Structures are given as C-alpha cells and as structure tokens.
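Worksheet for the structure shown next.
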Amino acid sequence: MRRLNEFILLVALITPCMPKIAFTGEISMYLLEILLLIFFPKLIIKSFYLKRILLIFWLCICFSTILSFFYGPVEIGGAMRCIKGIIYLPLIYIASTSRKYSYYNMSYILIIAAIVNVIFHVSQGFDINNVNIWDSQLLMSGLSRWSFSLASGQFVTQSAGGSHGIWGDYCVVALCATWIAYLKGKLNKCVFIFSFMAAVGSLLIAVSREAFLVLLCLIVAFIMSNSTRNGRLHINIKAYLFIIIFIICSIWCIKNYGEHLALVQKVAYTIESVSDSGEEQNLNLRVGAWTVFGLSLLHNPWAILVGYGFNHANYVECIKAVVTRLYNVDYVTVPESFFIQAWSYGGIICLVYAIIFWVNIYRFFKLEKVRKRRILLLGLFVGLLLASAISGAAIISDLLYGQFLIFIGFLIKERRTSQSSSIE
C-alpha cells in the first residue's frame with residue numbers, strides 16, 4: 001500500500017505538467033483522478049486533518065446538485081466536480097505519510113510546469129508576445145483547461161472560461177513551498193531563484209490579477225518577516241537586497257517589455273479605468289452577480305437552505321425571474337466569490353463549513369513554530385482568502401485544490417517529524 005501511495009503522490013505532484021484526458025464533451029479527468037477514484041475506498045477510511053470538514057462541505061454540494069436534477073436541467077459536469085472534490089481528500093493523508101517526497105519537490109515541479117506551459121502553448125500556435133488579455137481562451141494559463149480527446153486524438157479545451165486564476169494561484173502556492181524549503185535549508189539559492197522566476201514569469205503571461213494579489217501578500221509577508229525580531233525593528237540586509245533587485249528587474253522589464261506582458265497590460269487597464277471613471281468593469285460584473293444571487297434567495301427562499309447545486313444551467317434558470325426585474329445591472333452568471341459560491345452550490349450549511357475550513361487553515365498556519373516561515377504562511381493565507389472572497393472559487397478547482405491539499409499534508413509530515421526529533 002505504501003508503494004501505491006507514493007506512486008499516486010508522484011502522479012499528483014507532476015499533475016501541473018500534464019493535460020487531462022477527455023472521455024466525452026463534458027467529462028475529462030486527470031490521470032491522478034482516475035487513480036484516486038479506483039483506490040478511494042481504501043484511502044478514505046484513513047483518519048487525517050480536514051477530512052470531516054471538507055467531506056461535509058462536498059456532501060452538501062453533492063446533495064444540492066442531485067436535488068437540482070429533479071426540478072432543473074441535468075448537468076453531468078457539475079456532478080463530476082462534486083465527486084472530484086471528495087476523491088481528492090486522501091491527498092492530505094498520502095502526502096503526510098510519504099517517505100520519498102516533501103514540499104521542496106514542489107519547487108522542481110514548478111520550474112518544469114512553467115517550461116511545459118510555454119512550450120505546449122507555443123506548439124498550439126499561441127503567441128507569447130501578442131496576448132489578447134480579454135480572451136481567456138488565448139492565455140497561457142497552464143494545462144488544466146486542456147484535455148487530450150480520446151475521440152479525436154487531439155488536444156482540446158473544454159472550458160468556456162480560462163484557468164488563469166487557478167494556474168496563477170498554484171504558482172504562488174508552489175513558490176511559498178519553495179520559499180519555506182529554502183528557509184529550512186532544503187534548497188540552494190539557484191533552485192530558489194529559478195523557482196521564483198518560474199512563478200513570476202507564469203503570472204506575467206497568465207493575466208491573473210487574483211494571483212498577483214496573492215503574490216503581493218506573500219512578498220509583503222517576506223518583507224515583514226525580515227523587518228523585525230523579538231518585537232523590535234531589525235532589518236535583514238540580504239532579504240532587502242533581494243527585494244530591491246527584484247523591484248529593479250521588474251521596473252526594467254515593464255519599461256522595456258511592458259507592452260508584451262499580459263499581466264502588465266491588465267493591471268495598467270485597471271489603474272486607468274479606476275482613475276478615469278472610479279470603477280472597473282470586471283468588479284462591476286462581480287458585484288452585479290452577488291446582487292443577483294442575493295435577490296434570488298428572496299425569490300427562492302428554499303435556496304437559502306439547499307442552494308442551487310453545482311449546476312450552472314439550473315442556476316441560470318433559477319435567477320431568470322430576478323434578472324428580468326433588474327435594469328442596467330451587469331453581471332456574470334457565476335457568483336464569483338468562494339463563500340457565495342459555497343452558498344449557491346450547497347446551501348447555508350455548506351457556507352458554514354466553508355468558513356470553518358478557512359478558520360482551520362489559519363489556525364494550522366499559525367501553529368508554525370519558526371517565525372519567518374509562519375509569517376510567510378500567513379501571508380499566503382491572507383492572499384488566498386482575499387482572492388477567494390472577491391474573485392472566485394479557484395481554491396476548490398482541481399489543480400489548485402489538489403496541490404494545496406498536498407502542501408498541507410507535507411507541512412503535517414514535517415511537524416510530526418520535528419516533534420519526534422525533539423522528543424528523542
């Protein structure tokens with residue numbers, strides 16, 4: 001069983017480097033998901049951190065989704081996402097009991113995944129120098145939205161939207177793992193620098209302001225961790241030198257290549273839009289979506305308890321009556337906030353457990369004994385929480401979700417090892 005677990009973990013770690021396998025137009029799966037589905041009964045009986053919380057969270061969504069099939073359209077893709085959410089849970093246990101792999105392996109995978117991302121998209125005809133920031137289908141945002149179709153023998157995209165937020169957030173999570181491993185002495189400077197370049201470079205071509213926010217929080221946490229000691233001001237010269245070099249390099253890149261960097265274009269648009277009109281269209285669409293969802297609960301009070309299920313077609317049908325009453329309100333048909341989506345997918349109990357999940361992640365990160373690493377983890381927590389609250393539910397999207405659970409498992413393993421060493 002241990003060898004099997006190590007193999008599953010290896011496949012999970014390299015998942016960012018591979019596309020999915022498309023069985024039908026609606027159903028696509030990673031190789032990892034096939035393995036987890038087969039061996040799930042043996043793995044789920046194990047006891048591990050966050051199991052109960054996430055299991056209840058996903059079971060609420062499953063119940064609401066199945067219920068939605070009785071009064072609304074049937075959407076198989078949504079039901080499959082519920083199953084995926086559950087079968088990923090044992091990754092925490094597998095990572096926490098692994099003897100071969102640890103979080104420092106995530107840094108090497110990040111570098112490889114960033115290279116594969118560029119090579120794959122260039123091979124598919126994408127132009128790295130001329131990116132249309134308004135067409136999510138043309139962004140080099142990882143391979144999670146790509147699938148190899150068994151029917152056609154070709155690579156296809158199955159998602160109408162992009163995965164730039166998912167890919168970008170994954171890069172920052174992997175960078176955090178790299179940073180912690182470097183502070184632990186598990187990685188040398190070269191690997192850390194290449195990992196940092198891979199993460200930042202991936203964000204620049206992925207156009208994810210959400211991931212950029214998470215990265216900023218991580219960098220601010222790094223600065224804070226190197227600015228004080230024992231409650232007093234204490235500047236770490238080497239750390240500040242690294243930040244200064246990073247800022248200088250960033251300014252130089254923006255000045256000379258800014259017009260070719262998709263993220264720079266998107267941030268420049270955001271600043272210009274807010275400066276000119278005091279608002280930004282994407283944010284307006286999200287606020288509109290939250291408004292429509294809130295009003296839909298007044299029109300469908302039963303949805304307060306059970307939500308609409310992981311069923312986009314059903315949600316669109318249920319909000320029609322609300323939308324017809326609203327004039328001049330721009331919105332998207334997905335309420336892009338992790339907490340609102342939790343409510344929409346699984347009802348009020350699901351929302352409660354979504355909040356409990358984040359509370360537990362905060363407590364878990366805060367238990368880190370080494371001060372610099374603890375501040376970095378809390379910086380990652382703040383970034384992911386803010387991004388999830390205002391941007392969407394990327395944290396439960398297969399690629400990011402799986403890698404985040406693995407990261408949690410690796411941290412559990414390290415703490416268990418440290419405690420055993422201290423006792424001896």
Side-chain angles (χ1 to χ4, degrees), residues 1-18 30-59 83-110 113 170 173-174 176-187 356-357 360-370 373-374 376-377 380-381 395-396 398-424:
M1 190 66 182
R2 182 170 293 280
R3 287 184 179 180
L4 173 63
N5 287 354
E6 297 289 7
F7 176 70
I8 293 175
L9 182 56
L10 174 61
V11 174
L13 284 170
I14 64 175
T15 293
C17 305
M18 63 177 71
Y30 281 120
L31 173 60
L32 167 66
E33 294 165 349
I34 298 173
L35 292 173
L36 289 174
L37 191 60
I38 294 172
F39 298 104
F40 179 75
K42 290 185 178 181
L43 296 170
I44 196 61
I45 61 175
K46 305 294 183 180
S47 177
F48 52 87
Y49 182 63
L50 292 178
K51 173 183 173 180
R52 178 175 169 272
I53 295 171
L54 287 174
L55 193 57
I56 294 175
F57 173 84
W58 283 109
L59 287 176
I83 296 172
K84 285 184 179 185
I86 294 175
I87 64 174
Y88 269 78
L89 295 182
L91 286 176
I92 300 175
Y93 168 77
I94 295 174
S96 66
T97 57
S98 173
R99 293 179 180 177
K100 295 181 65 175
Y101 305 106
S102 187
Y103 53 80
Y104 59 82
N105 295 114
M106 298 178 73
S107 58
Y108 297 101
I109 303 300
L110 170 61
Y170 153 70
V173 170
C176 184
T178 301
W179 224 322
I180 290 176
Y182 176 69
L183 292 174
K184 183 74 173 179
K186 297 289 186 179
L187 295 174
I356 292 173
F357 166 74
N360 275 266
I361 293 298
Y362 169 75
R363 290 174 176 171
F364 178 72
F365 284 169
K366 195 176 180 182
L367 287 175
E368 172 61 47
K369 293 182 179 180
V370 181
R373 287 151 52 99
R374 180 173 65 251
L376 276 178
L377 287 172
L380 177 68
F381 168 81
I395 193 67
I396 56 171
D398 42 27
L399 174 64
L400 177 59
Y401 179 56
Q403 297 301 308
F404 188 67
L405 294 184
I406 291 171
F407 183 45
I408 294 294
F410 282 151
L411 291 175
I412 292 172
K413 183 184 76 167
E414 185 195 45
R415 291 181 189 178
R416 186 187 300 127
T417 304
S418 299
Q419 289 174 358
S420 299
S421 300
S422 62
I423 292 174
E424 294 175 2

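Please read all numbers here as calculations on a predicted model, not as lab measurements.
- Between Thr15 and Asp398, every side-chain heavy-atom pair lies at or beyond the 4.5 Å cut-off.
- Exactly one residue among Lys186, Lys369, Arg373 makes a salt bridge (charged side-chain N to carboxylate O under 4.0 Å, His left out) with Glu414. That residue is Arg373.
- Sequence neighbours left out, the pairs with a member in residues 32-52 that pass ring-ring contact (aromatic ring centres under 6.0 Å, His included) are Tyr49-Phe364.
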Next on the checklist: Evaluate Leu411 against Phe365 for side chain to side chain contact (heavy atoms under 4.5 Å, CB included), listing each step before the verdict.
Outcome noted: CA-CA 9 Å; Leu411 291 175; Phe365 284 169; 3.9 Å; yes
Checklist entry - Going through the distances and angles, do Lys51 and Ile44 end up as a side chain to side chain contact (heavy atoms under 4.5 Å, CB included)? => result CA-CA 9 Å; Lys51 173 183 173 180; Ile44 196 61; 4.3 Å; yes
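- By the 4.5 Å heavy-atom criterion applied to side chains, Leu35 and Tyr30 are not counted as neighbours.
- Judged purely by atom type and a 3.5 angstrom limit, Arg2 uses its side chain to pair as donor or acceptor with the backbone of Thr97.
- Take Trp58 and apply the side chain to side chain donor-acceptor pair (under 3.5 Å) test, not counting sequence neighbours, and it matches Tyr401.
- With a 4.5 Å cut-off on side-chain heavy atoms, Ile56 and Ile356 do not count as touching.
- Counting heavy atoms from C-beta on, the side chains of Ser98 and Asn5 never come closer than 4.5 Å.
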For residues 88-96, please give each side-chain donor-acceptor pair under 3.5 Å, one per line with the distance, not counting sequence neighbours.
residue: Tyr88; atom: OH; partner: Glu33; partner atom: OE2; Å: 2.7
residue: Ser96; atom: OG; partner: Ile92; partner atom: O; Å: 3.1
residue: Ser96; atom: OG; partner: Tyr93; partner atom: O; Å: 2.9

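- Shown here are the ring-ring contact (aromatic ring centres under 6.0 Å, His included) partners of Tyr182, two or more places apart in sequence or in another chain: Phe192.
- In terms of the side chain to side chain contact (heavy atoms under 4.5 Å, CB included) criterion, residue partners of Lys42 (sequence neighbours excluded) are, by chain and number, Met1.
- With sequence neighbours left out, Asn105 forms a side chain to side chain donor-acceptor pair (under 3.5 Å) with no residue at all.
- With contacts defined as side-chain heavy-atom distances shorter than 4.5 Å, the pair Leu367/Arg415 qualifies.
- Remark: Leu187 CG to Thr178 OG1 distance equals 6.5 Å, nearest 0.5 Å.
- Within the model, atoms OH of Tyr108 and CG of Leu13 stand 13.0 Å from one another, a figure rounded to the nearest 0.5 Å.
- Residues Lys413 and Ser102 approach most closely at NZ-CB, 3.8 Å, considering heavy atoms.
- Residue pairs meeting the salt bridge (charged side-chain N to carboxylate O under 4.0 Å, His left out) criterion with at least one partner in residues 4-13, sequence neighbours excluded, do not occur; the list is empty.
- Nearest heavy-atom pair across Pro41 and Ile45 is O-CG2, 3.5 Å.
- Within the 4.5 Å cutoff, no side-chain heavy atoms of Ile180 are placed close to those of Val370.
- In this view, Leu10 and Ile14, Tyr101 satisfy the side chain to side chain contact (heavy atoms under 4.5 Å, CB included) rule, not counting sequence neighbours.
- When the ring-ring contact (aromatic ring centres under 6.0 Å, His included) test is applied to Tyr362, the partners found at least two apart in sequence or on another chain are Phe381.
- Among residues two or more places apart in sequence or in another chain, the side chain to side chain contact (heavy atoms under 4.5 Å, CB included) test is passed with Ala177 by Tyr103, Met106, Phe407.
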Next on the checklist: Before you tell me yes or no, could you show the steps for Phe410 and Leu9 under side chain to side chain contact (heavy atoms under 4.5 Å, CB included), namely the whole-Å CA-CA distance, both residues' side-chain angles and the distance that decides it to 0.1 Å?
Outcome noted: CA-CA 11 Å; Phe410 282 151; Leu9 182 56; 4.0 Å; yes
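- Ile408 contributes atom CD1, which lies 6.5 Å from atom CG of Leu50 (distance to the nearest 0.5 angstrom).
- Scored by the side chain to side chain donor-acceptor pair (under 3.5 Å) test, Arg374 finds no partners at all (sequence neighbours excluded).
- Here the straight-line distance linking atom CG of Leu37 with atom CD1 of Ile86 works out to 11.0 Å at 0.5 Å rounding.
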